[in-house]
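No experiment lies behind these values; they were computed from the predicted model shown. Here is the naming used below: chain letters follow the sequence lines, and residue numbers restart at 1 for every chain.
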2 protein chains.
Amino acid sequence: MAKPLADPTVDLGLSVDRSSPVPLYFQLSQQLEAAIERGALTPGSLLGNEIELAGRLGLSRPTVRQAIQSLVDKGLLVRRRGVGTQVVHSQVKRPLELSSLYDDLEAAGQRPETRVVANTLVPAPAEAAAALGVAEGEEVHRVERLRLAHGEPVAYLCNHLPTGLLALDDERLSATGLYRLMRAAGITLHSARQSVGARAATAVEAERLGEEAGAPLLTMQRTTYDDTGRPVEFGSHTYRASRYSFEFQLLVRS
Amino acid sequence: MAKPLADPTVDLGLSVDRSSPVPLYFQLSQQLEAAIERGALTPGSLLGNEIELAGRLGLSRPTVRQAIQSLVDKGLLVRRRGVGTQVVHSQVKRPLELSSLYDDLEAAGQRPETRVVANTLVPAPAEAAAALGVAEGEEVHRVERLRLAHGEPVAYLCNHLPTGLLALDDERLSATGLYRLMRAAGITLHSARQSVGARAATAVEAERLGEEAGAPLLTMQRTTYDDTGRPVEFGSHTYRASRYSFEFQLLVRS
DNA sequence: GTCAATTGTTTGTCCGGACAAACACCCGCC
DNA sequence: GGCGGGTGTTTGTCCGGACAAACAATTGAC
C-alpha cells in the first residue's frame with residue numbers, strides 16, 4: 001500500500017499543454033527525459049504506474065504508454081510486468097547517432113576546420129558507383145577534404161555524391177560539415193552502412209596527415225541513405241589513429 | 001483510383017493465428033519482414049493503407065500500426081502522410097546488433113575457435129573497475145582469449161566481469177562466445193558503449209597475433225550493460241587489421 | 001521452518017472510434 | 001499554359017475500455 005514516491009507529478013513538475021501543436025506524448029517524454037537528465041528521477045526509482053500517471057496528467061493510458069515507450073527505446077527506462085517502470089541505473093548518454101565528424105569535434109570543443117582539396121565532377125569509380133547505385137563511369141561529385149582540429153590534421157575525407165542533389169561550393173564545404181549541408185538542402189538522413197578498419201599509412205597518406213609512413217590509420221567507408229532508402233553519399237575516410245577514435249553506444253533490439 | 005497492387009494479402013500470404021500465444025502485431029511484422037526479405041515486396045512498392053489492411057486481416061488499425069511501426073523502426077519501411085507506407089529501396093541488412101565476434105565469424109562461414117589464455121580472479125584494474133562500477137582492487141573475473149578463424153589468429157580478447165554473475169569454466173569459454181554464455185545464464189544484454197580505434201602493435205601483441213611488431217591493429221573497448229543498466233562486462237580487444245573490420249548499420253533516431 | 005498456492009499489482013496486447021495534419025491530385029481560373 | 005485552390009486519401013494523434021500475462025508478496029498447508 002505504501003507508495004515509494006509521494007507524487008511524482010508535483011515533484012517533477014510534469015504537465016502538458018493541450019494548446020501546443022507538439023504532440024502530448026512527446027511533451028511528456030521530453031519532460032521525463034529532462035527529469036532523468038537532471039537527476040530528479042534517480043536510477044532505479046519507480047515511475048508510478050501508468051494508470052495513475054495518466055489520471056494525474058489528464059491523459060489517456062495509450063498516450064502515456066507512447067511517451068514511456070519512446071524512452072524505453074532510447075534505453076533510459078525499463079519496464080517490468082508486475083513491478084513497474086524504472087529508470088535505468090547507468091550513465092547512458094545518447095544511444096548513438098549517425099555521427100558527423102565536424103559536429104563531434106565541435107561538440108568536444110576542438111575547433112574544427114576544413115580544407116577543400118578537390119571538388120570536381122568525375123566518372124564514378126567502380127566502388128562509388130556500386131555504393132550509390134549508379135552506372136560505373138556516370139558523372140558524380142567528388143569531394144576531398146582535410147579536416148583539422150586545433151590546426152592539426154585529424155582526417156582525410158574523400159566523398160562521392162550523386163549529381164543533382166546538392167549545390168557544393170568550396171565556401172560552404174569549408175564552413176561546415178557535409179551532413180549539415182545535406183540537411184539544409186532538405187535531405188533527411190536516415191541510415192548508414194559503415195565499415196571500420198585499420199591499415200598502415202602509405203607515403204602519400206602519411207604526408208597528407210602529418211604522420212610517418214607506416215603509421216596506423218583508422219579507416220572508415222560509409223554509404224549514407226536518406227529516408228526513402230536512396231543512397232546519397234559514399235565516403236572513404238582515413239583518420240589519424242593517434243588523434244581520433246570512434247565512440248558510440250549500441251542498443252540491442254529485441 | 002487504380003491500385004498498384006491487386007490484393008497484397010493474397011499475394012503475400014498474410015494471415016494471423018489468433019490461437020497462437022505470439023502477439024498478433026508480431027506475427028504480422030514478421031510476415032511482412034519475410035516478404036520484404038524474399039523480394040515479394042519490392043523496394044518502393046506501396047503497402048496499401050492501414051484501414052484496408054486491418055480489414056482484410058481482421059485486425060484493428062492500432063494492431064496493424066504497431067506491426068508497421070516496428071518495421072519502420074528497423075528501417076525497412078517508410079511512412080508518408082497522404083502517400084502511404086513504402087518499402088525502403090536499399091539493400092538494408094540488419095540495423096545493427098550488439099555484435100558478437102564469435103557469432104559474426106560463424107555466420108560468415110569462418111570456423112571460429114577460441115583458446116583460453118587466462119581465466120582467473122584478479123583485483124580490478126582502475127579502468128575495469130570504473131567501467132564495471134566496482135571499487136578498484138575488488139575481485140573480478142579476468143578472461144583472456146585468442147580467437148581464431150580457419151586456424152589463423154584474428155583477435156586477442158581481454159574481458160573483465162563482476163563476480164557472482166556467471167560460472168566461467170574454460171571448457172564452455174572454448175566452445176562458444178561470451179555473449180552466448182551470458183544469455184544462457186539469464187542475463188539480458190541491452191546496450192553497450194564502444195570505442196574503436198587503431199594503434200601499432202607492440203612486440204608482445206604482435207607475437208600473440210602472428211603479426212610483425214608495428215603492424216596496425218584495430219582496437220575496441222566495450223562496456224556492456226544488461227536490461228537494468230547494470231554493467232556486466234568490460235572488454236579490451238585487439239584485432240588484426242589485415243583480417244578483420246567492423247561492419248555495421250546505423251539508424252538516425254528522429 | 002519451508003514450500004506451494006493464492007492474491008494483487010502492473011505492464012502487455014487488442015479493440016473501435018474520432019479528429020487533425022500532410023500530401024497528391026485534379027480542376028478551374030487567369 | 002501556368003498557377004492557385006479545393007478535394008480526397010493516408011497517416012498522425014488521442015481517447016476509453018477490456019482482458020491476458022507476468023511478477024511479487026502474502027498466506028496457508030505441511
Side-chain angles (χ1 to χ4, degrees), chain A residues 1-5 8 16-30 32 44-73 76-88 186 188 227-228 254, chain B residues 1-5 8 16-30 32 44-73 76-88 186 188 227-228 254:
Chain A
M1 222 43 73
K3 283 272 167 282
L5 289 177
V16 291
D17 174 9
R18 298 195 89 94
S19 67
S20 163
V22 177
L24 300 178
Y25 77 90
F26 193 74
Q27 292 184 35
L28 178 54
S29 72
Q30 278 196 318
L32 286 174
S45 64
L46 271 301
L47 207 63
N49 78 52
E50 298 170 348
I51 312 275
E52 272 184 12
L53 196 53
R56 269 200 296 263
L57 289 165
L59 298 173
S60 70
R61 189 181 164 215
T63 303
V64 172
R65 274 184 69 77
Q66 194 173 358
I68 292 177
Q69 189 58 49
S70 73
L71 296 181
V72 171
D73 290 339
L76 293 172
L77 297 178
V78 189
R79 337 178 69 150
R80 288 179 188 286
R81 254 198 283 226
V83 180
T85 304
Q86 312 182 6
V87 180
V88 162
T188 311
D227 55 0
T228 70
S254 40
Chain B
M1 219 47 72
K3 282 272 166 285
L5 290 177
V16 291
D17 174 10
R18 300 196 88 94
S19 67
S20 162
V22 178
L24 300 179
Y25 77 90
F26 193 73
Q27 292 184 35
L28 178 55
S29 73
Q30 276 195 319
L32 287 174
S45 64
L46 270 302
L47 208 63
N49 77 55
E50 298 170 349
I51 311 275
E52 271 184 11
L53 196 53
R56 270 200 296 264
L57 290 166
L59 298 173
S60 71
R61 190 183 163 213
T63 303
V64 172
R65 273 183 69 77
Q66 195 173 358
I68 292 177
Q69 189 58 49
S70 72
L71 296 181
V72 170
D73 290 341
L76 293 173
L77 297 177
V78 189
R79 335 177 71 149
R80 285 179 189 288
R81 253 199 284 227
V83 179
T85 305
Q86 316 181 17
V87 179
V88 163
T188 310
D227 56 356
T228 69
S254 40

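- For the pair Gln66(B) and Pro62(B), both in contact range of DNA chain C, the more 5′-proximal nearest nucleotide belongs to Gln66(B).
- Of the side-chain N and O atoms in Thr63(B), one or more sit less than 4.0 angstrom from OP1 or OP2 of dC15(C).
- Both Gly58(A) and Gly82(A) lie close to DNA chain D; mapped to their nearest nucleotides by heavy-atom distance, the more 5′-ward contact belongs to Gly58(A).
- Looking at Leu53(B) and Arg56(B), their side chains come closer than 4.5 Å, going by heavy atoms from C-beta outward.
- Atom P of nucleotide dA21(C) and atom CG of Leu24(A) are separated by 12 Å, given to the nearest angstrom.
- Considering only heavy atoms from C-beta on, Leu77(A) comes within 4.5 Å of Val87(A) through its side chain.
- Spacing between atom CG of Leu77(A) and atom C1' of dT11(C) amounts to 13 Å, rounded to whole angstrom units.
- Closest-nucleotide positions on DNA chain C for Arg80(B) and Thr85(A) were compared, and the one nearer the 5' end corresponds to Thr85(A).
- The phosphate of dT13(D) has OP1 or OP2 within less than 4.0 Å of a side-chain N or O from Tyr25(A).
- As a whole-Å value, the separation of Arg18(B) CZ from dA20(D) C1' is 14 Å.
- With a 4.5 Å cut-off on side-chain heavy atoms, Val72(B) and Gln69(B) count as touching.
- Between Arg79(B) and dG12(D) there is a side-chain N or O to OP1 or OP2 distance below 4.0 Å.
- Going from atom CD1 of Ile51(B) over to atom P of dG16(C) covers 12 Å, rounded to whole Å.
- Of the candidate nucleotides dG12(C), dC15(D), dC23(C), dC23(C) has the atom lying nearest to any side-chain atom of Val83(B).
- In this entry the distance linking CZ of Arg81(A) with P of dT13(C) reads 7 Å, nearest Å.
- For Ser60(A), counting side-chain heavy atoms from C-beta on, the closest listed nucleotide (dC15(D), dA22(D), dC14(C)) is dC15(D).
- In this structure, Gln69(A) atom CD and dT13(D) atom P are separated by 15 Å, rounded to whole Å.
- Using a 4.5 Å cut-off on side-chain heavy atoms (C-beta onward), Thr63(A) and Leu28(A) make no contact.
- One can place CG of Asn49(A) at 12 Å from C1' of dG8(C), the figure rounded to the nearest angstrom.
- Atom CD1 in Ile68(B) sits about 16 Å away from atom C1' in dC14(C), given to the nearest Å.
- When the side-chain nitrogen and oxygen atoms of Arg61(B) are compared with OP1 and OP2 of dC15(D), none of them lie within a distance under 4.0 Å.
- Under the 4.5 Å side-chain criterion, counting only non-hydrogen atoms from C-beta, Arg18(A) is in contact with Leu59(A).
- In this structure, Arg65(B) does not reach the dG16(C) phosphate: none of its side-chain N or O atoms is under 4.0 Å from OP1 or OP2.
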